[in-house]
Amino acid sequence: MNTPANCYCINTNTTSTSYYISSFSTTGGTTNITNNASGFSANGYGNFTAMTVTQLQNSVINFSITETGGTMHFGLWVDWNDDGDFVDAGENVYINNTTYNATVTGSFTVPLTATPGSHRMRVVGNESGTAAACTGS
């Protein structure tokens with residue numbers, strides 16, 4: 001398999017310095033991401049792969065996404081089979097393509113089929129149109 005840098009598409013959802021995810025956090029995991037209040041990332045894409053949330057198979061992870069600037073659409077994907085994309089069945093664990101302004105919360109369950117170990121997660125905010133892991137995917 002290629003290294004993750006050679007596999008995962010670059011997210012190209014519409015964003016600006018006025019509309020962006022201002023905070024992401026998780027609860028319910030055995031370890032959690034606590035208030036990643038990173039601010040706007042250059043070109044609208046931030047690489048936060050050094051952060052970790054862990055959970056056992058068939059157990060729940062809760063999350064909170066806060067946006068800044070106005071209305072946005074949100075999505076969350078996990079590459080459960082580690083094949084370098086977010087297009088397989090069950091990898092889109094949350095989608096909110098209705099207009100939202102402020103904070104959204106939700107949860108997802110780690111599938112029984114997920115192999116133990118690390119899996120790439122992508123959190124997307126799009127201020128123009130629907131949220132997608134990658135444009136065209």
Side-chain angles (χ1 to χ4, degrees):
M1 181 175 180
N2 289 326
T3 61
N6 293 327
C7 293
Y8 294 100
C9 59
I10 299 297
N11 182 287
T12 57
N13 287 282
T14 304
T15 189
S16 70
T17 57
S18 300
Y19 296 87
Y20 57 91
I21 294 173
S22 56
S23 178
F24 178 79
S25 61
T26 64
T27 60
T30 52
T31 61
N32 289 288
I33 298 170
T34 55
N35 193 23
N36 175 32
S38 58
F40 180 75
S41 297
N43 301 316
Y45 179 80
N47 183 345
F48 301 103
T49 53
M51 291 183 285
T52 303
V53 57
T54 59
Q55 185 53 285
L56 301 173
Q57 295 165 311
N58 204 37
S59 296
V60 174
I61 295 172
N62 306 302
F63 63 87
S64 175
I65 307 169
T66 302
E67 60 86 20
T68 294
T71 57
M72 291 187 83
H73 310 268
F74 299 103
L76 198 148
W77 290 261
V78 180
D79 184 12
W80 297 120
N81 62 358
D82 301 321
D83 67 347
D85 63 44
F86 300 106
V87 300
D88 301 299
E91 291 185 340
N92 180 209
V93 297
Y94 177 80
I95 194 79
N96 179 340
N97 279 325
T98 58
T99 304
Y100 207 85
N101 188 2
T103 299
V104 296
T105 58
S107 63
F108 61 92
T109 301
V110 177
L112 287 171
T113 56
T115 56
S118 297
H119 305 285
R120 178 72 55 101
M121 179 171 66
R122 178 166 285 175
V123 180
V124 172
N126 187 7
E127 59 98 7
S128 176
T130 60
C134 310
T135 299
S137 67

For residues Trp80 and Val93, determine if any side-chain heavy atom of one lies less than 4.5 Å from a side-chain heavy atom of the other. yes
Rounded to the nearest 0.5 Å, how far does CD1 of Ile65 lie from CZ of Phe63? 5.0 Å
Is there side-chain contact between His73 and Asn96, with heavy atoms separated by less than 4.5 Å? no
Taking all non-hydrogen atoms of both residues, which atom of Asp79 and which atom of Gly84 are closest, and how far apart? OD2-N, 2.9 Å
With Phe108, which residues qualify under ring pair (Phe, Tyr, Trp, His ring centres under 6.0 Å), at least two apart? none
Spacing of OG1 belonging to Thr115 relative to CG belonging to Asp82, to within rounding of 0.5 Å: 5.0 Å
Please assess Asn62 against Thr105 for the test side chain to side chain contact (heavy atoms under 4.5 Å, CB included), listing each intermediate value before the final yes or no. CA-CA 7 Å; Asn62 306 302; Thr105 58; over 6 Å; no
From Leu56 atom CG to Leu112 atom CG, the distance as rounded to the nearest 0.5 Å: 11.0 Å
Going through the distances and angles, do Val78 and Arg120 end up as a side chain to side chain contact (heavy atoms under 4.5 Å, CB included)? CA-CA 6 Å; Val78 180; Arg120 178 72 55 101; over 6 Å; no
What closest approach, in Å, do Gln57 and Pro116 show between heavy atoms, and which atom pair accounts for it? NE2-CD, 4.5 Å
If I take atom CE from residue Met121 and atom OG1 from residue Thr26, how far apart are they, to the nearest 0.5 angstrom? 7.0 Å
So among Ser22, Ser23, Ser64, which one has a side chain to side chain contact (heavy atoms under 4.5 Å, CB included) with Thr103? Ser64
Between Val53 and Asn32, which heavy-atom pair has the shortest distance, and what is it? CG2-OD1, 4.0 Å
Could you check if a side-chain atom of Trp77 sits within less than 4.5 angstrom of a side-chain atom of Ile95, using non-hydrogen atoms only? yes
For Thr31 and Thr54, which I'm curious about, is there any donor-acceptor pair between the side chains at under 3.5 Å? yes
Atom CD of Glu91 and atom CG of Asp85: how far apart are they, to the nearest 0.5 Å? 6.0 Å
Closest non-hydrogen atoms of Ala114 and His119, given as atom of the first, atom of the second and distance, are CB-NE2, 4.4 Å
To the nearest 0.5 Å, how far apart are CG in Leu76 and CZ in Arg122? 11.0 Å
